[in-house]
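My structure is below; once you've seen it, I'll send some questions.
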Amino acid sequence: LVSVCRFAPLGKRSVAIGYPQLGYEAMPIVDASRALDENTMLVAMIETEKGVENAEEIAAVEGIDLLFVGSGDLLAGMGISDQMGTKRHYDLCEKVAKACKKHGKFFGVGGAREPKQQATLVEMGFRFVTTDSDMAFLLASARERAKFLRGLDLD
């Protein structure tokens, strides 16, 4: 992951010129590489039980900025999709959080769509929290508007 996303000396990402992130400006490769590396967040998704077990080793990798627990896929892969927001779910998340804290990495979580679950995860220290998908937000707003319109008194 690091080798393809980071520039030398940490990675092996190919060097080019005219990056849009740099306003297509020509600049020395060393400066462009540094600027791009400093403004890139490299996220390792933790979506399997093996990923949780290896969180310590993953968090120790130089160049990874954040470990992100994909709760839905993690729990589904373990055959416990119905345990979102339970102690078992939070224990898995906490193991990843501990590894991140030890290695100075950020930690995030997704899949927990209930506000109470999100609050619990934020209280656990997660700061990169996906609360739902863009489609879910759009559909929720559309349902709310449709409900309002259907409720109008047309007499």
Side-chain angles (χ1 to χ4, degrees), residues 1-140:
L1 184 61
V2 172
S3 69
V4 297
C5 294
R6 298 283 186 199
F7 293 96
L10 194 55
K12 297 176 182 173
R13 184 172 170 185
S14 179
V15 178
I17 60 170
Y19 289 94
Q21 303 93 316
L22 303 175
Y24 300 103
E25 294 292 327
M27 63 176 54
I29 289 173
V30 68
D31 296 336
S33 298
R34 185 181 327 103
L36 290 166
D37 267 342
E38 289 173 356
N39 290 285
T40 297
M41 179 171 48
L42 188 52
V43 178
M45 296 288 294
I46 306 296
E47 296 184 316
T48 64
E49 193 169 11
K50 186 173 184 176
V52 173
E53 291 168 8
N54 292 321
E56 174 85 26
E57 290 81 8
I58 296 167
V61 174
E62 184 180 0
I64 292 178
D65 300 303
L66 182 141
L67 274 63
F68 184 87
V69 178
S71 297
D73 290 329
L74 171 63
L75 298 177
M78 294 174 67
I80 56 172
S81 293
D82 61 340
Q83 293 192 31
M84 185 77 70
T86 65
K87 181 177 179 342
R88 175 76 173 126
H89 174 223
Y90 296 141
D91 287 347
L92 292 163
C93 291
E94 183 60 32
K95 183 168 185 177
V96 174
K98 281 181 160 180
C100 289
K101 289 174 188 174
K102 179 178 179 180
H103 294 282
K105 305 294 172 92
F106 295 102
F107 44 104
V109 65
R113 292 189 167 90
E114 297 298 322
K116 185 177 177 185
Q117 293 171 5
Q118 295 163 6
T120 298
L121 291 160
V122 168
E123 289 166 1
M124 290 170 63
F126 288 86
R127 294 296 182 263
F128 190 98
V129 179
T130 56
T131 58
D132 220 326
S133 68
D134 52 355
M135 183 58 75
F137 286 123
L138 288 169
L139 290 173

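Keep in mind that this is a model prediction, so the values were computed, not measured. These numbers come from the heavy atoms of this one structure, side chains and all, not from hydrogens, waters or symmetry mates.
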Closest contact, heavy atoms only, A35 versus L22: CB-CD2, 3.9 Å
Check whether any side-chain heavy atom of M84 sits under 4.5 Å from a side-chain heavy atom of R113, and report yes or no.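 No, too far: nothing below the 4.5 Å cut-off.
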For the pair K87 and D91, find out whether any cationic side-chain nitrogen is under 4.0 Å from an anionic carboxylate oxygen. yes
Testing the basics here: between V2 and G63, what is the closest heavy-atom pair and its distance to 0.1 Å? CG2-C, 4.0 Å
Side-chain touch D37/L10, heavy atoms, less than 4.5 angstrom: no
Under the side chain to side chain contact (heavy atoms under 4.5 Å, CB included) test, which residues partner L1, sequence neighbours left out?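 Per chain and number, L1 pairs via side chain to side chain contact (heavy atoms under 4.5 Å, CB included) with C5, L42, A44, I64.
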Would you name the heavy atoms of V69 and C93 that are closest together and state the gap between them?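 Closest heavy-atom pair between V69 and C93: CG1-SG, 4.1 Å.
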To the nearest 0.5 Å, what is the distance between CG (L121) and CZ (R127)? 10.5 Å
Quick one: does F106's side chain get under 4.5 Å of C100's, heavy atoms only?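 When only atoms from C-beta onward are counted, C100 and F106 do not touch, as no gap falls below 4.5 Å.
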Mind checking whether L92 and L74 have side chains closer than 4.5 Å, heavy atoms only? yes
Dump the intermediate steps for side chain to side chain contact (heavy atoms under 4.5 Å, CB included) on L66 and F107, then the final yes or no. CA-CA 5 Å; L66 182 141; F107 44 104; 5.8 Å; no
Taking atom NZ of K101 as the centre, does the number of heavy atoms from other residues, nucleotides or ligands within less than 6.0 Å exceed 12?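 Yes, the 6.0 Å shell around NZ holds more than 12 heavy atoms from other groups.
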Which pair of heavy atoms, one from S71 and one from V109, lies closest together, and at what distance? OG-CG2, 3.3 Å
Between Y24 and G18 the two heavy atoms that sit nearest each other are CD2-O, 3.1 Å
Mind checking what makes side chain to side chain contact (heavy atoms under 4.5 Å, CB included) contact with I80, not counting sequence neighbours?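 Expected list: L75, M78, D82, Q83, R88.
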Taking the ring centre of each residue, are F68 and F128 less than 6.0 Å apart?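 Judged by ring-centre distance (under 6.0 Å), F68 and F128 do meet the cut-off.
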Tell me if the CD atom of Q21 is crowded by more than 12 foreign heavy atoms within 6.0 Å. yes
Do you see a donor-acceptor pair shorter than 3.5 Å between the side chains of Q117 and H89?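 Side chains of Q117 and H89: no pair found under 3.5 Å.
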Using atom types as modelled and distance alone, determine if a side-chain donor or acceptor of E47 lies under 3.5 Å from a backbone N or O of D73. no
Is there side-chain contact between T120 and Y90, with at least one heavy-atom pair below 4.5 Å?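 SC-SC contact between T120 and Y90 confirmed.
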Is the closest side-chain heavy-atom distance between T40 and R6 below 4.5 Å?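 A side-chain contact exists here, since the closest heavy-atom pair is under 4.5 Å.
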Measuring from E25:CD to D31:CG, what's the distance to the nearest 0.5 Å? 12.5 Å
Are K98 and E56 close enough, and set up right, to give a side chain to side chain contact (heavy atoms under 4.5 Å, CB included), and what steps lead you there? CA-CA 8 Å; K98 281 181 160 180; E56 174 85 26; over 6 Å; no
Exercise: identify the closest heavy-atom pair between T130 and G110: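 Of all heavy-atom pairs spanning T130 and G110, the closest is OG1-CA, 3.0 Å.
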Could you state the interatomic distance from CG (L36) to OH (Y19), rounded to the nearest 0.5 Å?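 One finds 6.0 Å between CG of L36 and OH of Y19.
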Between NE2 on residue H103 and CG on residue L67, distance to nearest 0.5 Å: 9.5 Å
Is there a side-chain contact between V43 and D65 in this structure, where contact means two heavy atoms from C-beta onward sitting under 4.5 Å apart?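 With C-beta onward as the side chain, the pair stays apart.
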